[in-house]
Amino acid sequence: MKRILSGIKPTGKLTLGNYIGALKNFANYQEDGESFIFIADLHALTLPIDPDFLRDNIRDIAAFYIASGLDPNKVTLFRQSRVPQHSELAIILQNYLYMGELSRMTQFKDAAENLNQNAIGLGLFAYPVLMAADIVLYDANIVPVGEDQTQHVEITRDLVNRMNNRYGKGTLILPEAQISKVGKRIMSLSDPTKKMSKSDPKGDIFLTDTPKQIRKKIMSAQTDSGSEVIYDPKNKPGISNLLMIYAALKEVSIEEAEKTFANSMYGEFKKAVADVVVSELEALQSRYEAAINSGEVEAILLKGEARAREVADVCLHRVQKAVGLR
Ligand code: ATP
Ligand code: LTN
């Protein structure tokens, strides 16, 4: 049976980008194999974050996992920091990823650019080591993520090949990124040349936004010159982004979405996009409230963590044995 693994860092309020690029897909995979979906709380510490804010974000992601349709009886849901095997394996694996390749990672370069050179934590630099540990620890075959995470899965694959060449085939399982065709990269509504991301909230739609906020943001989203609703990310990034959002939520192809709006003006098109987002997020929010009010989130995580520790021990022991620690 295939193993599926993914996670989200609790660094801020979840966005529509997180939902379309990651969250929404997790539920689709739960019937395809054994899924491990976690909250990457250790990764959230790689940039400065307020402890109470972090705690709130962790709880929110857990509730959104449940709200997005992940069934705790089928999927193992857990906090990364409660499964010490992640840290133990990362300490071993850090010896097999090299300074040169780590310093070329785009996410590191982008984050480091905005920091004082003397205040870049080692954890930020070593982020891919921990992420590789997250993935291989569960012998994951499939890693559903947004497009921006491809490089992290690639470096994990390099590491797996390196370990397997050195210690024998089967020491680690080779994972593969799964990136959804529609919605792999949702852009900011205020600047459609930039990714919508929770750490740069300008132009974001948050999963907790009210219908009024959502409509306002979409109706004032930056669009392009001309009046045709066509998919052309280079020349029409704003309209293309809205088409992408529509297609992803309606689960239709971009071509089908284009056809639907072939005779529409921008205003009419934006209204239709807003309707779809509002209806999807209203339903999601009511399931989110139900999850929080059920009082069961903590128990679900504790159960997931017990299971995750059991599964993780198998790979950790195998690696310890391979390298000579057992
Ligand atoms: P941060 O701003 O803190 O870096 P982020 O909003 O980019 O965070 P992550 O926690 O890094 O989000 O990502 C969680 C998942 O959501 C990843 O699989 C990532 O690829 C996906 N994702 C994030 N933003 C987008 C986006 N704009 N479009 C599609 N997928 C996205
Ligand atoms: N780096 C990812 C979060 C993450 C992750 C993982 C995703 C940490 N470990 C393992 C998939 C598999 C991000 O969302 N920025």
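The model shown is predicted, which means the values in this text are computed figures rather than measured ones. Start at 1 and go down the list; that is how both ligands and their atoms are numbered.
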Chemist: Under a 4.0 Å heavy-atom cut-off, what residues line ligand 1?
Modeler: Ile8, Lys9, Thr11, Gly17, Asn18, Gly21, Ala22, Val145, Gly146, Asp148, Gln149, Gly183, Lys184, Arg185, Ile186, Lys195, Met196, Ser197, Lys198, Ser199
Chemist: I'd like to know whether CD of Gln222 has more than 12 heavy-atom contacts from other residues, nucleotides or ligands below 6.0 angstrom.
Modeler: yes
Chemist: Distance alone, cut at 3.5 Å: any donor-acceptor contact between the side chains of Ser286 and Glu289?
Modeler: no
Chemist: As a test of reading the model: which residues have a non-hydrogen atom less than 4.0 Å away from ligand 2?
Modeler: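 Close residues (ligand 2, cut-off 4.0 Å): Leu5, Ser6, Gly7, Lys9, Phe38, Ala40, His43, Tyr127, Met131, Asp134, Ile135, Val143, Val145, Gln149.
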Chemist: Tell me, which pairs form a side chain to side chain donor-acceptor pair (under 3.5 Å) where one or both residues lie in residues 110-121, sequence neighbours left out?
Modeler: none
Chemist: Answer yes or no: does atom CE of Met219 have more than 12 heavy-atom neighbours from other residues, nucleotides or ligands under 6.0 Å?
Modeler: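 More than 12 heavy atoms, drawn from other residues, nucleotides or ligands, come within 6.0 Å of this atom.
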Chemist: Any non-hydrogen side-chain atom of Leu54 less than 4.5 Å from a side-chain atom of Pro10?
Modeler: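 The answer is yes, as the side chains (C-beta and beyond) meet within the 4.5 Å cut-off.
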Chemist: Give a yes-or-no answer on whether the side chains of Asp148 and Gln107 include a donor-acceptor pair shorter than 3.5 Å.
Modeler: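 No donor-acceptor contact under 3.5 Å links the two side chains.
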Chemist: Please report whether the ring centroid of Tyr138 lies less than 6.0 Å from that of Phe78.
Modeler: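 Yes.
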Chemist: Not counting sequence neighbours, list each pair that qualifies as a side chain to side chain donor-acceptor pair (under 3.5 Å) and has a residue in residues 237-252.
Modeler: Lys24-Glu251
Chemist: Going by atom types alone, do Lys198 and Thr15 pair a side-chain donor with an acceptor below 3.5 Å?
Modeler: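 Thr15 and Lys198 do not have a side-chain donor-acceptor pair below 3.5 Å.
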